[in-house]
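Report on the structure given below.
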Amino acid sequence: QVQLVESGGDAVPPGGSLKLSCTVSVDTYSPRHIAWFRQHLGKEREGLAYINIVDGGTYYSDSVEGRFSIFRDNAKNTVYLQMNTLNPEDTAMYYCAAEASGTGGTLFGRRRFAFWGQGTQVTVSS
């Protein structure tokens with residue numbers, strides 16, 4: 001129903017910036033919210049931010065608010081995550097996700113997300 005492809009992951013030094021992209025393809029279901037998550041090695045997936053692709057409304061986790069910014073380009077069917085002032089604790093696999101069409105999925109904020117991309121690796125190291 002929904003396909004997501006992330007790109008933009010890279011290795012950057014501490015203090016650096018990176019912009020991740022998530023290209024969304026839909027079929028019979030069009031999700032209203034797209035989110036970014038990350039997963040540190042051996043830990044559970046953590047929600048970072050999501051955006052309403054209709055009105056642009058956003059929601060951020062406390063851990064990244066002020067450093068990360070989510071925005072979209074509907075003409076390109078793409079949602080971005082701009083990450084600034086990166087530190088080694090930001091090293092993780094980053095995933096984008098689409099809002100669930102039903103009641104299942106991973107809860108983040110007030111939304112559930114059930115469609116996932118393959119992830120893109122971000123490494124912050126000197």
Side-chain angles (χ1 to χ4, degrees):
Q1 290 182 308
V2 182
Q3 292 185 323
L4 307 106
V5 178
E6 303 95 335
S7 62
D10 203 349
V12 295
S17 297
L18 207 56
K19 186 173 77 173
L20 306 181
S21 301
C22 173
T23 301
V24 183
S25 301
V26 300
D27 186 358
T28 57
Y29 164 63
S30 295
R32 177 157 292 194
H33 294 87
I34 301 294
W36 282 97
F37 287 72
R38 69 183 176 190
Q39 189 168 21
H40 295 96
L41 195 62
K43 296 190 176 181
E44 293 188 358
R45 208 164 284 187
E46 170 194 11
L48 303 176
Y50 63 74
I51 186 167
N52 182 317
I53 62 172
V54 176
D55 65 16
T58 57
Y59 174 87
Y60 292 92
S61 70
D62 290 343
S63 63
V64 300
E65 189 165 18
R67 284 197 308 131
F68 291 8
S69 176
I70 188 170
F71 56 100
R72 90 285 194 207
D73 183 339
N74 288 349
K76 295 182 179 180
N77 295 323
T78 301
V79 172
Y80 302 94
L81 185 69
Q82 176 67 46
M83 306 186 294
N84 299 323
T85 319
L86 288 163
N87 59 66
E89 289 70 38
D90 295 314
T91 295
M93 184 70 80
Y94 285 71
Y95 299 89
C96 63
E99 189 170 18
S101 58
T103 57
T106 300
L107 180 65
F108 172 42
R110 302 179 69 177
R111 307 293 172 187
R112 289 189 175 273
F113 297 89
F115 304 94
W116 300 87
Q118 83 289 348
T120 187
Q121 177 68 37
V122 172
T123 301
V124 184
S125 173
S126 55

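Judged by distance alone, the side chain of H33 and the main-chain N or O of F113 form no donor-acceptor pair under 3.5 Å. In terms of modelled atom types and a separation under 3.5 Å, the side chain of N87 and the main chain of V124 share no donor-acceptor contact. The backbone N or O of C96 lies less than 3.5 Å from a partner atom in the side chain of E6, making a donor-acceptor pair.
Enclosure of atom CD in Q3 is not indicated, since only 12 or fewer non-hydrogen atoms of other residues, nucleotides or ligands lie within 6.0 angstrom. More than 12 heavy atoms of other shown residues, nucleotides or ligands fall within 6.0 angstrom of atom CD in Q118.
If you chain together hydrophobic residues whose side chains sit under 4.5 Å apart, Y29 and V24 fall into the same group. By the rule that hydrophobic residues join a cluster once side-chain heavy atoms approach within less than 4.5 Å of another member, Y80 and V26 end up as members of separate clusters.
Here L20 contributes atom CG and T78 contributes atom OG1; the two are 12.5 Å apart, rounded to the nearest 0.5 Å. Considering CE of M93 and CZ of R45, their distance stands at 9.5 Å, rounded to 0.5 Å. Note that CD of E65 and OG1 of T58 are 8.0 Å apart. Values are rounded to the nearest 0.5 Å. The distance from the CZ atom of R112 to the OG atom of S101 is 12.5 Å, given to the nearest 0.5 Å. Atom CG of L81 and atom CD1 of I34 lie 13.0 Å apart (nearest 0.5 Å).
Side chains of T123 and S125: no donor on one and acceptor on the other come within 3.5 Å. Residues S63 and E46 bring a donor and an acceptor atom of their side chains to less than 3.5 Å of each other. With no hydrogens or angles considered, a side-chain donor-acceptor pair links N84 and S17 at under 3.5 Å.
By the side chain to side chain contact (heavy atoms under 4.5 Å, CB included) test, V54 is found to be paired with R32, N52, residues two or more places apart in sequence or in another chain being considered. Annotation: side chain to side chain contact (heavy atoms under 4.5 Å, CB included) contacts of T85 (sequence neighbours excluded): R67. Residues meeting the side chain to side chain contact (heavy atoms under 4.5 Å, CB included) test with A114, sequence neighbours left out: A100.
Here the options are Y60, Y95, W36, Y50, the test is ring-ring contact (aromatic ring centres under 6.0 Å, His included), and the partner is F108; only Y50 passes. When W116, Y94, F115 are each tested for a ring-ring contact (aromatic ring centres under 6.0 Å, His included) with F37, only one passes: W116.
Annotation for D90 and R38: closest pair OD1-NH1, 2.8 Å, computed over non-hydrogen atoms.
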